[in-house]
Amino acid sequence: MVLDKENIRKNSALLYGKMRSMYRYTFDELEKLVNFGSVELCLALMQLLQENKITQDRGSGGVCYAVI
C-alpha cells in the first residue's frame with residue numbers, strides 16, 4: 001500500500017466515480033464497492049470531503065457518505 005498524494009487522488013477519483021451510481025453509502029458499503037483497505041478508503045474519503053464532492057453525516061445506521 002502506497003500512501004502518496006497521487007495514489008490518494010487516484011483512489012478518490014475511482015471512489016467518486018463509483019459513488020455516483022447511488023446517493024448515500026455507509027463505510028461498509030463503500031468498502032465492498034471499491035475493494036480498498038480501510039486506510040485507503042479513509043484517505044480517499046478525506047480527499048473527497050476536502051474537495052467538497054461528498055458530505056458526511058450520522059444517521060440511524062451510523063456514519064453515511066453522500067455525493068453532493
Side-chain angles (χ1 to χ4, degrees):
M1 167 177 42
V2 179
L3 298 177
D4 62 28
K5 194 68 171 176
E6 183 179 327
N7 280 336
I8 293 169
R9 285 189 181 123
K10 180 179 162 187
N11 286 346
S12 69
L14 177 69
L15 175 61
Y16 184 69
K18 292 193 178 231
M19 285 180 77
R20 295 181 74 199
S21 66
M22 225 169 70
Y23 174 70
R24 193 175 169 97
Y25 297 87
T26 64
F27 191 85
D28 291 338
E29 290 172 329
L30 291 173
E31 276 186 315
K32 291 174 188 168
L33 184 68
V34 292
N35 294 317
F36 290 167
S38 57
V39 172
E40 292 168 304
L41 180 56
C42 285
L43 291 170
L45 287 168
M46 287 174 37
Q47 180 69 33
L48 292 173
L49 287 164
Q50 289 176 347
E51 293 173 1
N52 294 316
K53 291 185 175 180
I54 64 170
T55 61
Q56 175 183 11
D57 62 26
R58 185 169 187 85
S60 60
V63 177
C64 291
Y65 302 90
V67 176
I68 294 177

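Below, each value reflects all heavy atoms present in this structure, side chains not excepted, and no hydrogens, waters or symmetry copies. Numbers for residues simply follow the sequence, beginning at 1.
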| field | Which residues share a side-chain hydrogen bond (donor to acceptor under 3.5 Å, both in side chains) with Arg9, sequence neighbours left out | value |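 Not a single residue meets the side-chain hydrogen bond (donor to acceptor under 3.5 Å, both in side chains) criterion with Arg9.
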| Donor-acceptor contact below 3.5 Å, side chain Tyr65 vs main chain Thr26 | no
| said: Within the structure provided, determine whether Cys42 and Phe36 are in side-chain contact (heavy-atom separation under 4.5 Å). | reply: no
| field | Exercise: do Lys5 and Gln47 side chains pair donor with acceptor under 3.5 Å | value | yes
| field | Which atom of Met19 lies closest to which atom of Ile54, heavy atoms considered | value | CE-CG2, 4.0 Å
| query | side-chain hydrogen bond (donor to acceptor under 3.5 Å, both in side chains) with Ser38: which residues, sequence neighbours excluded? | reply |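 Partners of Ser38 under the side-chain hydrogen bond (donor to acceptor under 3.5 Å, both in side chains) test: none.
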| query | Which pair of heavy atoms, one from Ala44 and one from Leu15, lies closest together, and at what distance? | reply |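 Closest approach of Ala44 to Leu15, heavy atoms only: CB-CD2, 3.9 Å.
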| request: Grab the two heavy atoms, one from Met22 and one from Arg24, that are nearest each other, plus how far apart they are. | output: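 Reported closest heavy-atom pair: CE-O, 3.2 Å.
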| How long is the span from the CD1 atom in Ile8 to the CD atom in Glu40, to the nearest 0.5 Å? | 9.5 Å
| query | Under 4.5 Å between side-chain heavy atoms, hopping through other hydrophobics if needed: is there a path connecting Leu30 to Met46? | reply |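 Result: no, two separate clusters.
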| So do the side chains of Lys18 and Leu14 get within less than 4.5 Å of each other, counting heavy atoms only? | yes
| CG/Asp28 to CG/Leu33 distance, rounded to the nearest 0.5 angstrom? |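 Spacing of CG (Asp28) from CG (Leu33) equals 12.5 Å.
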| query | Given side chains that start at C-beta, do those of Val67 and Lys53 come closer than 4.5 Å, heavy atoms only? | reply | no
| request: Evaluate the side-chain proximity of Val34 to Asn11: yes if any heavy-atom separation is below 4.5 Å, no if none is. | output: no
| task | Return the minimal non-hydrogen interatomic distance between Tyr16 and Leu48, and the atom names on each side. | result | CB-CD2, 3.8 Å
| message | Evaluate Asn7 against Leu43 for side chain to side chain contact (heavy atoms under 4.5 Å, CB included), listing each step before the verdict. | response | CA-CA 10 Å; Asn7 280 336; Leu43 291 170; over 6 Å; no
| message | For Glu6, is the CD atom crowded, meaning more than 12 foreign heavy atoms sit under 6.0 Å from it? | response | no
